[in-house]
Amino acid sequence: MTRYTPSEIEARWQDAWAKSDIFKAVRSADKPKYYVLEMFPYPSGRIHMGHVRNYTMGDVIARYKLAKGFNVLHPMGWDAFGLAAENAAMQKGIHPGVWTYQNIEDMKAQMKPLGFSLDWSREIATCHPDYYRHQQAMFIDMIEAGLIYRKNAIVNWDPVDMTVLANEQVEQGRGWRSGALVERRELTQWFFKISDYSEELLSALDTLENWPAKVRLMQENWIGKSRGLQFGFSTTNAPEGFDRIEVYTTRPDTLLGASFVGISPDHPLAKLLERDDPAVAEFTAECRKGGTTEEAIETAEKLGFDTGIRVRHPFDTAQELPVYIANFILMDYGTGAIFGCPAHDQRDFEFATKYGLPIIATYLPGEDSDDRLDAAYVPPKTEKVFYNRGFAGEQWQTGLEAIDAAVTFCESQGVGQGVTKYRLRDWGLSRQRYWGCPIPVVHCDACGVVPEKKENLPVQLPEDVTFDIPGNPLDRHTEWRTTPCPSCGKSALREPDTMDTFVDSSWYYARFTAPHADTPTVMEDAQYWMNVDQYIGGVEHAILHLLYARFFARAMHMTGHLPESAIEPFDALFTQGMVTHAIYRSTGPDGRPVFHYPEEVELKGDRAFLKDGGAEVEVIPSAKMSKSKNNVVDPLHIISAFGADTARWFVLSDSPPERDVEWTASGAEAAFKHLSRVWTLSDRIAAMADDGTGEGDDDLLRQMHKTIHDVTMGVESFGFNAAIAKLYGFTATLQKSKASKGAQRAAIMTLAQLMSPMTPHLAEDIWAAQGGEGLIATAPWPAADEAMLKDDTVTLPIQVNGKRRAEIDVPADMPKEDVEKAALAHEAVIRILDGASPKKVIVVPGRIVNVVV
RNA sequence: GCCCAAGUGGCGGAAUGGUAGACGCAGGGGAUUCAAAAUCCCCCGCCGCGAGGCGUGCCGGUUCGAGUCCGGCCUUGGGUACCA
């Protein structure tokens, strides 16, 4: 008897796959194509459990579709630009490029032993000039197509390091390195006009039937279509040019409850006032402290400054409202100005209470309700309420009815217009960083901003840069920046900013269809391979990446780089849950937090101590695995101890794929034992005498067909953990079976096939040992025989008043009336009824009987 | 703050509105063994001797029947536009 030795088996079959080249994707007219894509990794240097989980799921689909006869495209690449490489450069003095390419090599070496069915000949890295030159070419096309423009936008500014900070680099309002209070500062930046596509991106969500409903809903809310009223308040004492203040409101039905007007600190009026009035300047400076995230702005203490300016209420000109500058009003949304209705908005309520402004209800729960409110009264929009200060029309209305009525009324009175607005803002793509795709434009004193000539692409990143001083090294690299103006030829300066890395990941799926072409894409290849049939990745990308990619596909179509059929690039989406792990944190000598790797920590109950020195560290439970928090778990020890198949089987069996999992390694050994058991079982069956005798062949084959059915359904619906449970069950059945060698051989070969997408090496080995033809990877997927799936008898539970009291075995096709009779004749039922006659008997065929008394 | 999810035994989890806890882990008992490892078999939600009762985060509702649907909460996680 031999033992299951994955190290030998896995190397052997990976060789066999490589030699036969079965995962290389070639266009073919004979077979339907299938494009499986997992969100490509950031090359952090080490693969973690999240990667193993993601790529194993994709591999199961890819291998399953291959067995189903599809021409499968399953590529892999690297999302290789980003902040971490620059951090490494600063911390370790390594060039970001050297660090990134080394990481790619390391991670590839870690991925290869997992036996994924990838076409490595299509590998791409976004940091390679062969990739980003095409991105630059498309950027120029998109400028010409009017899809890109420049405007001012706000960034996090570190006043000590004199640099722009990413949101991640702002910790509690302070710069992560300098510790200085971060300020919001304006900078001229490049933007994609994604807002031109708001309606299109919203309405097309309905066509994405194979996307999770939650992702579509999140995108819908993010785009944030709203219908409201835009109108002007006329001012009484404002500076010239500000006779009116335009506001936008989604609740015009509360206009008669207005008690103040609020403008953003970035509103033109606020900017004018701060120029002449130091008190205003002081206040707006205060408002600009802290980071730029919506979270930071929304959760900051609500501050207001009375400008002294007054406006007239449009329907009650005697009523004057004060104009406040308020820190919670965003210049990017609506008109940058609002009216406050404290009675029906909690934020306005708190603001009014703080600054002593009136609270005027326009609607109430009922006609007799007290209108002195202790908190804002905000009923659901679909519930009828009593309008005590509404516009003309019914007094009992839902919010939605009242809003429509208010818009119509205001328009008829010449107060503003009904308008549709979207929350979605244009996509700012400029980054003041080195390790990204250079924006291919030149700033010329004479000609202004000029795109680089396409024949001069790529605009390549210079190698000779240092990271010893904060800031973007491109900014101070005079030699690189100096270049002839593409228009007039005089000396000019290159744009020092690089592109947001979301640009890189917005079109890589298209590049995979022709990864070595001289143009960004090749129409024929894009036509053939697009769309991605199944896209798989973390739910944390539900909004930004997936929305940007949807926009970019449209922009590529508009500039001739994708066919119209590919404007929704992902036909089906599956969002896997994240692999989470506790974070171990202590405080370093400089007072900054230090994050410890799980392997550096020893757990004692709920508390954690450093193995080195024994100091206690803080445990932050269950958070997304993140490089910067060091809470990543290395899968390599599972692979080296038990093999790739065990690691793959385990990540699939342990939890439902869409759910987050807290990583524990307790089950990996059990997975290995099971695979050993299957291997030994195959060995035993191969050694059986083939004398044609045996018992229970039919039962075994019925079980086999049920398993084919269940596992196929499981794989199709991403129910991998449930599919694996069925495979455990069938393995146990086969182990106990006394069936003939023929039946057992058929069973083990089918079992191997059903397992092959998950544990491909073991499956190949069993297939070969049982004399299977060719590679199991290309053997046709087994089909379940419908006739074998039905049982002759079923066990029905009998409920009395919804409580289970007994069960009966009946023929599967027994008529309802007979089932009812049989149920009522059951002694337990007779005892409980105790002579009473049932009011009703519900018989659900094949399911249940419920007796109601 | 806002948007989206999730919550079921000691643990991971299963369950088209129809027997809650499949399958696995941990635990307990047994077989085998000189002994151990490995392997195999049995038990395993809570309370109760039992009959039985209770039980899917909390409160309420719809239904013959709710883990599942509806309303309201709580907790945890993700996103919040420069982490990717």
Side-chain angles (χ1 to χ4, degrees), chain A residues 39 41-42 44 79 81-84 155-156 164-170 194 212-215 217-222 224 291-300 302 328 332 346-347 380 423-433 500-502 504-505 538-545 547-548 575 577-578 580 621-624 626-628 650 653-656 658-662 664 666-667 669-671 673-674 676-677 680 719 721-722 724-729 732 735 795-799 801-807 839-842 844 846-853:
Chain A
M39 289 180 187
Y42 179 79
S44 59
D79 189 11
F81 276 135
L83 210 49
V155 294
N156 299 305
V164 177
L165 297 178
N167 287 332
E168 198 191 42
Q169 297 171 314
V170 179
I194 189 172
K214 66 171 171 182
V215 174
L217 187 57
M218 278 190 264
Q219 292 213 353
E220 182 182 327
N221 291 334
W222 184 262
T292 59
T293 64
E294 192 181 298
E295 185 193 8
I297 292 165
E298 288 279 341
T299 56
K302 309 290 177 281
F328 55 86
D332 287 321
Q346 189 57 29
R347 189 178 62 185
R423 203 187 74 103
L424 181 65
R425 310 201 296 254
D426 277 334
W427 171 13
L429 67 105
S430 299
R431 296 293 180 270
Q432 295 70 44
R433 285 188 237 298
D500 179 7
T501 56
F502 276 125
D504 314 339
S505 55
V539 67
E540 68 273 23
H541 297 291
I543 296 174
L544 292 180
H545 162 61
L547 190 61
Y548 289 148
T575 52
M578 282 164 300
T580 61
S622 194
K624 177 172 90 161
S626 153
K627 178 91 175 115
S628 61
F650 179 51
S653 65
D654 200 41
S655 61
E658 69 280 5
R659 196 158 335 164
D660 290 354
V661 285
E662 172 82 7
T664 55
S666 58
E669 199 173 338
K673 280 182 188 170
H674 178 75
S676 305
R677 211 173 292 141
T680 309
N721 55 332
I724 283 179
K726 299 289 182 190
L727 289 167
Y728 270 108
Q735 252 180 329
T795 303
L796 292 185
I798 305 170
Q799 294 181 333
N801 286 336
K803 284 198 183 296
R804 182 175 163 275
R805 296 297 180 183
E807 54 184 39
K839 274 191 206 135
K840 199 159 94 173
V841 179
I842 290 151
V844 184
R847 278 285 175 197
I848 204 163
V849 182
N850 192 8
V851 181
V852 186
V853 277

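Letters go in sequence order (proteins before strands), and every chain restarts at 1. Worth knowing before you read on, the calculation uses all heavy atoms, side chains too, and leaves out hydrogens, waters and symmetry mates.
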Is G9(B) syn or is it anti, if syn means the base angle is within 90 degrees of 0?
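The base of G9(B) is oriented syn (glycosidic angle within 90° of 0).
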
What distance, rounded to whole Å, do you find between the two [atom1] atoms, one in [N] and one in [M]?
{"N": "U63(B)", "M": "U68(B)", "atom1": "P", "result": "16 Å"}
{"N": "C11(B)", "M": "G45(B)", "atom1": "C1'", "result": "13 Å"}
{"N": "A38(B)", "M": "G48(B)", "atom1": "C1'", "result": "40 Å"}
{"N": "C46(B)", "M": "G10(B)", "atom1": "P", "result": "7 Å"}
{"N": "A35(B)", "M": "U19(B)", "atom1": "C1'", "result": "46 Å"}
{"N": "G53(B)", "M": "G7(B)", "atom1": "C1'", "result": "26 Å"}
{"N": "A15(B)", "M": "A81(B)", "atom1": "C1'", "result": "40 Å"}
{"N": "G57(B)", "M": "U75(B)", "atom1": "C1'", "result": "8 Å"}

Any strand: nucleotide that pairs with [N] via Watson-Crick or wobble, under 3.5 Å:
{"N": "A20(B)", "result": "none"}
{"N": "G9(B)", "result": "none"}
{"N": "U39(B)", "result": "A31(B)"}
{"N": "G60(B)", "result": "C70(B)"}
{"N": "G77(B)", "result": "C4(B)"}

Which part of the nucleic acid does [X] contact within heavy-atom distance under 4.0 Å: base, sugar-phosphate only, or nothing?
{"X": "Gly729(A)", "answer": "nothing"}
{"X": "Leu217(A)", "answer": "sugar-phosphate"}
{"X": "Trp222(A)", "answer": "base"}
{"X": "Arg659(A)", "answer": "sugar-phosphate"}
{"X": "Lys673(A)", "answer": "sugar-phosphate"}
{"X": "Phe328(A)", "answer": "nothing"}
{"X": "Asn167(A)", "answer": "sugar-phosphate"}
{"X": "Lys803(A)", "answer": "sugar-phosphate"}
{"X": "Thr299(A)", "answer": "base"}
{"X": "Leu83(A)", "answer": "sugar-phosphate"}
{"X": "Pro41(A)", "answer": "nothing"}
{"X": "Gln169(A)", "answer": "nothing"}
{"X": "Val164(A)", "answer": "base"}
{"X": "His541(A)", "answer": "base"}

Spacing of [X] atom [atom1] relative to [N] atom [atom2], expressed in whole Å:
{"X": "Arg431(A)", "N": "A84(B)", "atom1": "CZ", "atom2": "P", "value": "8 Å"}
{"X": "Leu547(A)", "N": "A84(B)", "atom1": "CG", "atom2": "P", "value": "17 Å"}
{"X": "Gln799(A)", "N": "A66(B)", "atom1": "CD", "atom2": "P", "value": "9 Å"}
{"X": "Ile297(A)", "N": "G1(B)", "atom1": "CD1", "atom2": "P", "value": "16 Å"}
{"X": "Tyr728(A)", "N": "G24(B)", "atom1": "OH", "atom2": "P", "value": "7 Å"}
{"X": "Phe502(A)", "N": "A81(B)", "atom1": "CZ", "atom2": "P", "value": "10 Å"}
{"X": "Asp654(A)", "N": "A14(B)", "atom1": "CG", "atom2": "P", "value": "11 Å"}
{"X": "Glu220(A)", "N": "C3(B)", "atom1": "CD", "atom2": "C1'", "value": "11 Å"}

Would you say [N] has OP1 or OP2 under 4.0 Å from some side-chain N or O of [X]?
{"X": "Asn721(A)", "N": "A14(B)", "result": "yes"}
{"X": "Ser655(A)", "N": "G13(B)", "result": "no"}
{"X": "Asn801(A)", "N": "G65(B)", "result": "no"}

Please pick, from [options], the nucleotide with the shortest atom-to-atom distance to any side-chain atom of [X].
{"X": "Leu544(A)", "options": "G24(B), A81(B), A22(B)", "answer": "A81(B)"}
{"X": "Thr501(A)", "options": "G53(B), G65(B), A84(B)", "answer": "A84(B)"}
{"X": "Gln735(A)", "options": "C64(B), C40(B), G1(B)", "answer": "C40(B)"}
{"X": "Arg804(A)", "options": "A81(B), C64(B), A20(B)", "answer": "A20(B)"}
{"X": "Pro656(A)", "options": "A14(B), C25(B), U39(B)", "answer": "A14(B)"}

Roughly how far apart are [X] [atom1] and [Y] [atom2], rounded to 0.5 Å?
{"X": "Met39(A)", "Y": "Thr575(A)", "atom1": "CE", "atom2": "OG1", "answer": "8.0 Å"}
{"X": "Lys214(A)", "Y": "Met218(A)", "atom1": "NZ", "atom2": "CE", "answer": "6.0 Å"}
{"X": "Gln219(A)", "Y": "Leu424(A)", "atom1": "CD", "atom2": "CG", "answer": "10.0 Å"}
{"X": "Arg847(A)", "Y": "Ile842(A)", "atom1": "CZ", "atom2": "CD1", "answer": "15.5 Å"}

Should Leu217(A) and Glu220(A) be marked as a side-chain contact (heavy atoms from CB on, under 4.5 Å) after you check the CA-CA gap, both sets of side-chain angles, and the distance that decides it?
CA-CA 5 Å; Leu217(A) 187 57; Glu220(A) 182 182 327; 4.3 Å; yes

Using 4.0 Å as the upper bound for N to carboxylate O, is an ion pair formed by Glu294(A) and Arg423(A)?
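Looking at Glu294(A) together with Arg423(A), the answer is yes, because their closest N to O distance falls below 4.0 Å.
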
Looking at every heavy atom in both Arg425(A) and Asp332(A), which two are closest together, and how far apart are they?
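Residues Arg425(A) and Asp332(A), closest heavy atoms: CD-CB, 3.2 Å.
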
Show the nearest heavy-atom pair for residues Asp79(A) and Tyr42(A), with the distance to one decimal.
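That would be O-CD1, 3.0 Å.
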
With side-chain contact (heavy atoms from CB on, under 4.5 Å) as the test, would you mind laying out the steps for Leu796(A) and Ile848(A) before giving the verdict?
CA-CA 5 Å; Leu796(A) 292 185; Ile848(A) 204 163; 5.9 Å; no

Return yes if the base of [N] and the side-chain atoms of [X] contain a donor-acceptor N/O pair under 3.5 Å, otherwise no.
{"X": "Arg847(A)", "N": "U16(B)", "value": "yes"}
{"X": "Glu295(A)", "N": "G79(B)", "value": "no"}
{"X": "Asn221(A)", "N": "C3(B)", "value": "no"}

With RNA chain B as reference, determine whether Ala722(A) or Lys302(A) sits nearer its 5' end, using the nearest nucleotide of each.
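Result of the comparison: Lys302(A).
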
Most 5' of Arg423(A) and Lys726(A) on RNA chain B, judged by nearest nucleotide
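Result: Lys726(A).
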
For the residue pair His545(A) and Phe502(A), categorise the inter-ring angle as parallel (less than 30°), tilted (30 to 60°) or perpendicular (more than 60°).
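The arrangement is parallel - the two ring planes meet at less than 30°.
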
